[in-house]
Engineer: 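Here you go, one structure.
Proteins get letters first, then strands, A, B, ... in listed order; numbering begins at 1 in each. Since the structure is predicted, the reported quantities are computational estimates derived from the model, not experimental observations.
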4 protein chains.
Amino acid sequence: MDRTARTPRGARTRAKLLTAAEEVFATVGYHEASIVKITEEAGVALGTFYTHFEGKKEIFDTVVLDLSQRVRHAMSEASTGVDDRLEAERAGFRAFFAFTAQHPALYRIIRQAEFVSPEVMRRHYDNIVDGYASGLESARSRGEIRDVDPVVAAWALMGAGELIGMRWVLWEDADAIPEAVYEGLMDVIRGALAPTTTAGTDPGNDEGRVR
Amino acid sequence: MDRTARTPRGARTRAKLLTAAEEVFATVGYHEASIVKITEEAGVALGTFYTHFEGKKEIFDTVVLDLSQRVRHAMSEASTGVDDRLEAERAGFRAFFAFTAQHPALYRIIRQAEFVSPEVMRRHYDNIVDGYASGLESARSRGEIRDVDPVVAAWALMGAGELIGMRWVLWEDADAIPEAVYEGLMDVIRGALAPTTTAGTDPGNDEGRVR
Amino acid sequence: MDRTARTPRGARTRAKLLTAAEEVFATVGYHEASIVKITEEAGVALGTFYTHFEGKKEIFDTVVLDLSQRVRHAMSEASTGVDDRLEAERAGFRAFFAFTAQHPALYRIIRQAEFVSPEVMRRHYDNIVDGYASGLESARSRGEIRDVDPVVAAWALMGAGELIGMRWVLWEDADAIPEAVYEGLMDVIRGALAPTTTAGTDPGNDEGRVR
Amino acid sequence: MDRTARTPRGARTRAKLLTAAEEVFATVGYHEASIVKITEEAGVALGTFYTHFEGKKEIFDTVVLDLSQRVRHAMSEASTGVDDRLEAERAGFRAFFAFTAQHPALYRIIRQAEFVSPEVMRRHYDNIVDGYASGLESARSRGEIRDVDPVVAAWALMGAGELIGMRWVLWEDADAIPEAVYEGLMDVIRGALAPTTTAGTDPGNDEGRVR
DNA sequence: GATGAATGAGTGTTCATTCAT
DNA sequence: GATGAATGAACACTCATTCAT
């Protein structure tokens, strides 16, 4: 069955369901989220759900992918046009934390997704890392950062951002990350990427690059 | 009711259940793990489970806390007696990845725990971070690393390790982390912590330290 | 969740469940009555039960209250318009025994309800006694019966009816109470309430009336 | 297996179990009473239960029959040697209410027993009624009470006592029945049995006697 | 498109009973 | 006699999904 909304009414209902699903998934997680809860939150009848989605997993995937695109967009938007790499880092992470504060769903959901929908989970991480890694790659080629492996660095720094966000945005249920923490993280990132450093050997070439 | 095993036979059964639970949780996650699956895996009757555990959540918490202590122990064991901070980092992370390869359960489980058992989830992260942060703190006071905020740095670097481990150990279902990735991560960490660096302002004091 | 049937089909199913539940409760009692038995008896699927009732206790309460209202109605119906008090007694008890023979459920259930649902148990007895006591009260004020405490008398005579019904309707699994027993009971009641009697002090006032 | 206690220790354990069972049955009813609860209350191990009783039903029957004998004894004790029939009634009922206040178990249990153990339930009622009815019979033959059917009257008046006890001893959780209620009931009973009365026809013979 | 009643497989948990020690 | 670990059938209840209206 084709479930694309064919009428404005249908499109509206579908949108209500997606919003409700994000809310419910964020609040109680995938497994505790029942279709009944989602339809009640959306204000539609139970059966209506299946006019728009194949099942629970499909709406989950849709919500995750949607959120994933939106973070990615928010982050690249924020760093676009920023020439200095470190400034771009700052802007990107700030956008990431802001998004986290506004959409705890993504966070909470993605950490559940391992067993629910590994494919979309990986797509999400790959999406973000790809953008980040290519940014690092070009910064490296321009000599703005030191010679790190861009893919490894991208995963590592994304991981750093993830736990910091979990700890100081989600756990604190905060509207925004505390400035001191943000600066602390920036300090670490700056150190990790800083163009000149006496630490570490200088590989100076691409040998052994990951992927 | 007191569920402490009072006989050797009881202790043996309890241990079988814990091993089985770790396995089942790691394979299918908390929600898909049924008590039936666990008892079948353990080779005991369904009812026996309730002789030893209050319920599903209790065995989950026990498994998580147990694994948590074991990683922590493995990591501190590995870095104990290593004088050089960077060497200690290398050893700690190596132990972490080795543990991850051997006990994917911890990883998979912990990322589910947000909605299942937030308390133990936090205890786990706090446990690990505490040890890590105090190591950084004393290294900093000895001038072995630069003046980063130890708590923020600990969370950030643990996050780095977590995603790297997820990406290259779990997703690849590997026995160990690829050397190149490991070195890539070490390179990032070295940069982040390196004692001399031209990057960053030098706070040189404790103002604004987190927590 | 609102479980009111919203369609004729729903109402029909709900009714089938109530009838089945009365039957099952009467046959095996509350604790041996399983939801499976009830739904099988009703010819619907297990899950359907929960579309209409919150749980086992709710359907129990509903059945009890329903039966309670029906006996009360049958009894007051029977004695309505009967001028003579003793005749009214006869009619009321006759209706009571007839109801008992037709709905053993009420009897059997109510005697279980102490631990299952004390509230509805009390509501049932209070319901019946209230009607009975006010009948006695007005008969007394008209001098048709002697000066007994109407509330105490109502409880006492209801108890008399209850055990007689239990002994000669339920235990004998009879369609109706044997005439001789019925007359024997009426004889006792007549004596207890008879307007002229040499027995007993004549309080002649309301002092010490119960409740 | 013969479960008669063969040693003083065994007899003591058995007694502890019986006391515990009465307590537990009275508090939570038959179905909610688990063997574990009973053995815990008795302070013995679970398995020990089965050295003394065949199963849950057996201990239930034992407790009921034991209590039944004890009420009967208390009641006949109280009225023994009382010459006047009405005085004997007063004494018997007083003893009954006192027993009820002290052993709510009997009441609560007996009303459950319909589905648990119909045989002992009937034995209990038969026991009590037999004694009562034969008392009435001989009083009648001596002309102390009027010519009621002794069996029917015994059941009826026992029912009266039962509900009065339920209402004013159990429901009020009282130590004793309120005097006014007791006198109210006595008043009803006196009327029902009083030797001279203008009410009722005088059967004057045994025709149609029940049983 | 929208509705909500119906379905039934599956879950966590309880508990009377057995039995090796 | 006493102990407590082990057993497994049974239960109340949930929920993704279907389908007649």
Engineer: Nearest to the side chain of Val44(B) - dT7(F), dG1(F), dT3(F)?
Structural biologist: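 For Val44(B), the side-chain atoms sit closest to dT7(F).
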Engineer: Indicate yes or no for a side-chain donor-acceptor contact from Lys56(B) to the backbone of Ala33(B) under 3.5 Å, with no hydrogens or angles considered.
Structural biologist: yes
Engineer: Using whole Å, what does the distance between atom P of nucleotide dC13(F) and atom CD1 of Ile38(C) come to?
Structural biologist: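 Result: 11 Å.
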Engineer: Separation of Arg14(C) atom CZ from dA6(E) atom C1', in whole Å?
Structural biologist: 16 Å
Engineer: With the threshold set at 4.0 Å, does a side-chain nitrogen-carboxylate oxygen contact exist between Glu119(B) and Lys57(B)?
Structural biologist: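 Looking at Glu119(B) and Lys57(B), the cut-off is met.
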Engineer: Students often get this wrong, so: under 4.0 angstrom with heavy atoms, is Thr7(C) touching a base, only sugar-phosphate, or nothing?
Structural biologist: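 Here Thr7(C) touches the backbone only, sparing every base.
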Engineer: Which is more 5' along DNA chain F, the nucleotide nearest Thr13(D) or the one nearest Ala45(B)? Just name the residue.
Structural biologist: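 Checking each residue's closest nucleotide, the 5'-ward one belongs to Thr13(D).
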Engineer: Would you please confirm or rule out a distance under 4.0 Å between OP1 or OP2 of dT14(F) and any side-chain N or O of Tyr50(C)?
Structural biologist: no
Engineer: Run the side chain to side chain donor-acceptor pair (under 3.5 Å) test against Glu22(D) and tell me which residues pass, sequence neighbours left out.
Structural biologist: His103(D)
Engineer: Whole-Å distance between dT21(E) C1' and Arg12(B) CZ?
Structural biologist: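 Rounded to the whole Å, the gap is 12 Å.
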Engineer: Mind calculating the distance between NE2 (His52(B)) and C1' (dT13(E)) to the nearest angstrom?
Structural biologist: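 From His52(B) NE2 to dT13(E) C1': 16 Å.
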Engineer: Is Thr48(C) near enough to dA5(E) that one of its side-chain N or O atoms lies under 4.0 angstrom from OP1 or OP2?
Structural biologist: no
Engineer: When you match Thr4(B) and Gly55(A) each to their closest nucleotide on DNA chain F, which lands nearer the 5' end?
Structural biologist: Thr4(B)
Engineer: Just the atom pairs and distances: protein N or O near nucleotides 9-11 of chain E's N or O, under 3.5 Å.
Structural biologist:
none

Engineer: Can you name the side chain to side chain donor-acceptor pair (under 3.5 Å) partners of Asn127(B), sequence neighbours left out?
Structural biologist: none
Engineer: Not counting sequence neighbours, which residues clear salt bridge (charged side-chain N to carboxylate O under 4.0 Å, His left out) with Asp66(A)? List them please.
Structural biologist: Arg70(A)
Engineer: Using whole Å, what does the distance between atom P of nucleotide dT14(F) and atom CZ of Phe53(C) come to?
Structural biologist: 15 Å
Engineer: Among residues at least two apart in sequence or on other chains, which ones pass ring pair (Phe, Tyr, Trp, His ring centres under 6.0 Å) with Phe25(A)?
Structural biologist: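 Here the qualifying residues are Tyr30(A), Phe60(A).
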Engineer: Rounding to a whole Å, what distance do you find between Ile59(A):CD1 and dT17(F):C1'?
Structural biologist: 15 Å
Engineer: Would you kindly give the CZ-to-P distance between Arg6(C) and dT3(E), to the nearest whole Å?
Structural biologist: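 That distance rounds to 11 Å.
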Engineer: Rounded to the Å, how far apart are Leu17(A) CG and dT3(E) C1'?
Structural biologist: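 It works out to 13 Å between those atoms.
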Engineer: Would you please name every residue forming a side chain to side chain donor-acceptor pair (under 3.5 Å) with Tyr125(B), sequence neighbours left out?
Structural biologist: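 With sequence neighbours excluded, Tyr125(B) shows a side chain to side chain donor-acceptor pair (under 3.5 Å) to Arg111(A), Glu162(B), given in chain and number order.
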Engineer: Sequence neighbours left out, what passes salt bridge (charged side-chain N to carboxylate O under 4.0 Å, His left out) with Arg9(A)? Give chain and number order.
Structural biologist: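 Counting only residues at least two positions away or on another chain, Arg9(A) forms no salt bridge (charged side-chain N to carboxylate O under 4.0 Å, His left out).
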Engineer: What residues form a side chain to side chain contact (heavy atoms under 4.5 Å, CB included) with Phe115(B), not counting sequence neighbours?
Structural biologist: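 Phe115(B): side chain to side chain contact (heavy atoms under 4.5 Å, CB included) contacts with Arg108(A), Gln112(A).
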Engineer: Identify all stems in which DNA chain F takes part, counting only runs of at least 3 consecutive pairs (Watson-Crick or G-U wobble, each distance under 3.5 Å), and give each as one range with another, ordered by first number.
Structural biologist: E:2-21 with F:2-21
